[in-house]
Peer 1: 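First the structure, which I've put down as structure tokens, then a few questions once you've had a look.
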Amino acid sequence: MEKVAFEGWLESVSTTFLALSDQQRNQSLDHLISLSGAAQLRHLSNRLEALLKRDFLRLLPLELAFYLLRWLDPQTLLTCCLVCKQWNKVINACTEVWQSVCRDLGWRIDESIQDATHWKGVYLKAKLRMKQLREEDAFETSSLIGHSARVYALYYRDGLLCTGSDDLSAKLWDVRTGQCVYGIQTHTCATVKFDEQKLVTGSFDNTIACWEWCTGAKIQQFRGHTGAVFSIDYNDDLDTLVSGSADSTVKVWSLSTGTCVNTLTGHTEWVTKVHLQKSQVESMMHSPGDYILLSVDKYEIKVWPIGCEINCKCLKTLSVSEDRSVCLQPRLQFDGRYIVCSSDLGIYQWDFASFDVIRVIKPQQDPSSLSLLGFGKVFALLFDNHHLYVMDLRTEVTVGRWPLPAYRKSKRGSSFLPGVTSWLNGLDGKNDVGLVFATSMPDHSIHLVLWRENG
């Protein structure tokens, strides 16, 4: 057929085809396909593939492609990377997508890093770490051996662990190597705190002492309590030391002179925890930057203002039951914004600006047997008689656990301590190292739980 005649015929057939119903069109196509040879079928296949199998990631503007990718789960994203080089290139260029999936896993995101490949690598590492937590494979254990009597006091700072014992000594350990760095003769320690130059100890003999690490000499003695000193805290800038005792009082001391400048009364039970911290929020009672003292007994948390001029009156008393039917545990946490304490009913969180309870977390485990070790923006570290638990605070679901020695059922108990706590505000691939948990053992050793190296 000549070209002109063919074009006329094609025009006529096209007009007739457009006038047909969908069913008639399908029948017409079926008939034409049955009449076609190999060349026609190959041509038809190539044309249909181009029309029906369109690569939308290649065709869409990059901004729209990124928007669609944000709706995919991480595993699907990784599968999409295998489709072709172009898809892999587009997905690997979407920084926001990889930052988002890292954030979902509890990772802390540095917005200044806009390298998508970096965040994809972080996601793969984060996924492995979370898998290790679920499978009880994220941690490892070791022991520190050197004391000859029961260890009561533990304090951790910057990779160093201080221990105070019934053997009238305090030791400073490098957690990474397990080596004892310093050892000095002291009294029986119920609580310890240290810095680069000094060690401060509270004792069952009702006294507090300050010691020099390099010589082991006693720098200062603090006398005045009539019961064992269970907790201490100090601030060099304020020249202030605070202590909580079995005599139900809190004392405020001059750190340099050892003089008691105030005795805070109002507790009716042993004061098991004192904590000095700057306020980061404002209310009618305090301003940002004000120093705040918190003290805890069996049933109450008391909030006191404190500064260079000591004139303390209790700002607020917090409790979880008016009739004192619910006990608090001594592991209080205060970051200047929120007060957190565990109780027999669960974990309570107070807003420091208003002193209102803003959250009560009731874990899957029995709250009365569960104790708080650390509380952050993303994770909480808890423990009971058998396990250490990592809870995702966004869902209040346990995402990992680790077995602890069975000796913890002993009525005599032991001292417990969290290690590095920065990861509780979000993992970042660097802060999941070092000490997680430490506790004293019946054989006078210290049992350590450490992060396992992330492969």
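Bear in mind that the values here come from a model prediction, so they are computed numbers and not experimental data.
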Peer 1: Would W451 and F139 count as a ring-ring contact (aromatic ring centres under 6.0 Å, His included) if you check the C-alpha gap in whole Å, the side-chain angles of each, and the deciding distance to 0.1 Å?
Peer 2: CA-CA 4 Å; W451 284 103; F139 307 131; 4.8 Å; yes

Peer 1: Carefully, step by step, assess V390 and T398 under the rule side chain to side chain contact (heavy atoms under 4.5 Å, CB included).
Peer 2: CA-CA 6 Å; V390 178; T398 299; 6.0 Å; no

Peer 1: Sort out for me which residue in L382, V436, L388 forms a side-chain contact (heavy atoms from CB on, under 4.5 Å) with L373.
Peer 2: L388

Peer 1: Could you check whether any side-chain N or O of Q132 sits under 3.5 Å from a backbone N or O of G400, counting only pairs where one atom can act as donor and the other as acceptor?
Peer 2: no

Peer 1: If a pair satisfies salt bridge (charged side-chain N to carboxylate O under 4.0 Å, His left out) and one of its residues is in residues 284-294, list it, with sequence neighbours excluded.
Peer 2: none

Peer 1: Return yes if some donor-acceptor pair links the side-chain N/O of K125 with the main-chain N/O of G429 below 3.5 Å, else return no.
Peer 2: yes

Peer 1: Considering only heavy atoms from C-beta outward, does the side chain of Q220 approach that of L255 to under 4.5 Å?
Peer 2: no

Peer 1: For D158, give me all partners under side chain to side chain donor-acceptor pair (under 3.5 Å), at least two apart in sequence or on another chain.
Peer 2: none

Peer 1: If you measure from CD on Q197 to CG on D236, what distance do you get to the nearest 0.5 Å?
Peer 2: 8.5 Å

Peer 1: In terms of the angle between their ring planes, are F334 and H275 parallel, tilted or perpendicular, with boundaries placed at 30° and 60°?
Peer 2: perpendicular

Peer 1: What I'd like to find out is whether the side chain of E453 reaches to under 4.5 Å of the side chain of E140, using heavy atoms alone.
Peer 2: no

Peer 1: Taking side chain to side chain donor-acceptor pair (under 3.5 Å) as the test, write out the residues that go with K302, two or more places apart.
Peer 2: T317

Peer 1: Does S319 use its side chain to pair, donor to acceptor, with the backbone of Y299 at less than 3.5 Å?
Peer 2: no

Peer 1: With salt bridge (charged side-chain N to carboxylate O under 4.0 Å, His left out) as the rule and sequence neighbours excluded, what pairs involving residues 261-281 come up?
Peer 2: none

Peer 1: A side-chain contact here means heavy atoms from C-beta on lying under 4.5 Å apart; do F383 and T439 qualify?
Peer 2: no

Peer 1: Got a donor-acceptor contact below 3.5 angstrom from the T259 side chain to the S254 backbone?
Peer 2: no

Peer 1: Where do C341 and W350 come nearest, in terms of heavy atoms and distance?
Peer 2: CB-CZ3, 4.1 Å

Peer 1: So L450 and V175, do their side chains get closer than 4.5 Å, heavy atoms only?
Peer 2: yes

Peer 1: Taking H147's backbone N and O only, do any of them form a donor-acceptor pair with D167's side chain (distance below 3.5 Å, no angle check)?
Peer 2: no

Peer 1: Is it the case that the side chain of S231 and the backbone of V274 share a donor-acceptor pair, with hydrogens and angles ignored and the cut-off at 3.5 Å?
Peer 2: yes

Peer 1: Measuring from atom CE of M130 to atom CH2 of W107, what distance do you get when rounded to the nearest 0.5 angstrom?
Peer 2: 7.0 Å

Peer 1: To the nearest 0.5 Å, tell me how far I145 CD1 sits from W173 CH2.
Peer 2: 8.0 Å

Peer 1: Around atom CD of E322, are there more than 12 heavy atoms of other residues, nucleotides or ligands at under 6.0 Å?
Peer 2: no

Peer 1: With sequence neighbours left out, what residues match R324 under salt bridge (Lys or Arg N to Asp or Glu O under 4.0 Å)?
Peer 2: E300

Peer 1: Keeping the roles fixed (side chain from N262, backbone from V252), state whether a donor-acceptor pair exists under 3.5 Å.
Peer 2: no

Peer 1: Going through the distances and angles, do L161 and L448 end up as a side chain to side chain contact (heavy atoms under 4.5 Å, CB included)?
Peer 2: CA-CA 10 Å; L161 178 68; L448 304 182; 3.9 Å; yes

Peer 1: For a 4.5 angstrom cut-off between non-hydrogen side-chain atoms, does T163 reach S440?
Peer 2: no

Peer 1: Using the salt bridge (Lys or Arg N to Asp or Glu O under 4.0 Å) criterion, which residues pair with R394? Sequence neighbours excluded.
Peer 2: D392

Peer 1: Judged by atom type as modelled, is there a donor-acceptor pair below 3.5 Å linking the side chain of W423 to the main-chain atoms of F379?
Peer 2: no

Peer 1: Return the set of residues passing side chain to side chain donor-acceptor pair (under 3.5 Å) with S283 (not counting sequence neighbours), or none when no residue passes.
Peer 2: H286

Peer 1: Where does the angle between the aromatic ring planes of F355 and F352 fall among parallel (under 30°), tilted (30 to 60°) and perpendicular (over 60°)?
Peer 2: perpendicular

Peer 1: Can you pull the salt bridge (charged side-chain N to carboxylate O under 4.0 Å, His left out) pairs that have at least one residue in residues 415-437, sequence neighbours excluded?
Peer 2: R108-D428, R129-D432

Peer 1: Below 3.5 Å, can you tabulate the donor-acceptor pairs from side chains in residues 205-218 to any protein atom, sequence neighbours excluded?
Peer 2:
unit_1: D205; atom_1: OD1; unit_2: S203; atom_2: OG; d: 3.0
unit_1: D205; atom_1: OD1; unit_2: T207; atom_2: N; d: 3.0
unit_1: D205; atom_1: OD1; unit_2: T207; atom_2: OG1; d: 2.6
unit_1: D205; atom_1: OD2; unit_2: H187; atom_2: ND1; d: 3.4
unit_1: D205; atom_1: OD2; unit_2: T207; atom_2: OG1; d: 3.4
unit_1: N206; atom_1: OD1; unit_2: A228; atom_2: N; d: 3.1
unit_1: T207; atom_1: OG1; unit_2: H187; atom_2: ND1; d: 3.4
unit_1: W211; atom_1: NE1; unit_2: T201; atom_2: OG1; d: 2.9
unit_1: E212; atom_1: OE1; unit_2: T215; atom_2: OG1; d: 2.7
unit_1: W213; atom_1: NE1; unit_2: D195; atom_2: O; d: 3.3
unit_1: W213; atom_1: NE1; unit_2: K198; atom_2: O; d: 3.3
unit_1: T215; atom_1: OG1; unit_2: A217; atom_2: N; d: 3.2
unit_1: K218; atom_1: NZ; unit_2: Q221; atom_2: OE1; d: 2.8

Peer 1: Keeping Q329 on the side-chain end and L370 on the backbone end, is there a donor-acceptor pair under 3.5 Å?
Peer 2: yes

Peer 1: Tell me, do V340 and L332 make a side-chain contact under 4.5 Å, heavy atoms counted?
Peer 2: no

Peer 1: Considering all heavy atoms of both residues, which atom of V378 and which atom of G106 are nearest to each other, and what is their separation?
Peer 2: CG1-CA, 3.8 Å

Peer 1: Taking all heavy atoms of F375 and all of I361, pick out the closest pair and write down the distance.
Peer 2: CE1-CD1, 3.8 Å

Peer 1: Would you please classify the geometry between the F204 ring and the F230 ring as parallel, tilted or perpendicular, with 30° and 60° separating the classes?
Peer 2: perpendicular

Peer 1: Work out which heavy atom in F194 is nearest to a heavy atom in C162; give both atom names and the distance.
Peer 2: CD2-CB, 3.5 Å

Peer 1: Would you say the side-chain atoms of S143 pair up with the backbone N or O of S445, donor to acceptor, closer than 3.5 Å?
Peer 2: no

Peer 1: Going through the distances and angles, do I306 and V242 end up as a side chain to side chain contact (heavy atoms under 4.5 Å, CB included)?
Peer 2: CA-CA 10 Å; I306 195 167; V242 294; 4.0 Å; yes

Peer 1: Salt-bridged, R103 to E96, with N to O below 4.0 Å?
Peer 2: no

Peer 1: To the nearest 0.5 Å, what is the distance between CD1 on I292 and CG on L315?
Peer 2: 6.0 Å

Peer 1: Could you tell me whether the side chain of Q179 reaches within less than 4.5 Å of the side chain of V181, counting heavy atoms only?
Peer 2: no

Peer 1: Is there any salt bridge (charged side-chain N to carboxylate O under 4.0 Å, His left out) pair reaching into residues 395-405, and which pairs are they, with sequence neighbours excluded?
Peer 2: E136-R401, R359-E396

Peer 1: Does a side-chain heavy-atom distance below 4.5 Å link D297 with S248?
Peer 2: no

Peer 1: Just to verify, what does Y156 make a ring pair (Phe, Tyr, Trp, His ring centres under 6.0 Å) with, not counting sequence neighbours?
Peer 2: none

Peer 1: Would you please name every residue forming a side chain to side chain donor-acceptor pair (under 3.5 Å) with E282, sequence neighbours left out?
Peer 2: none

Peer 1: For atom CZ of R176, decide whether the heavy atoms of other residues, nucleotides or ligands shown that lie under 6.0 angstrom number more than 12.
Peer 2: no

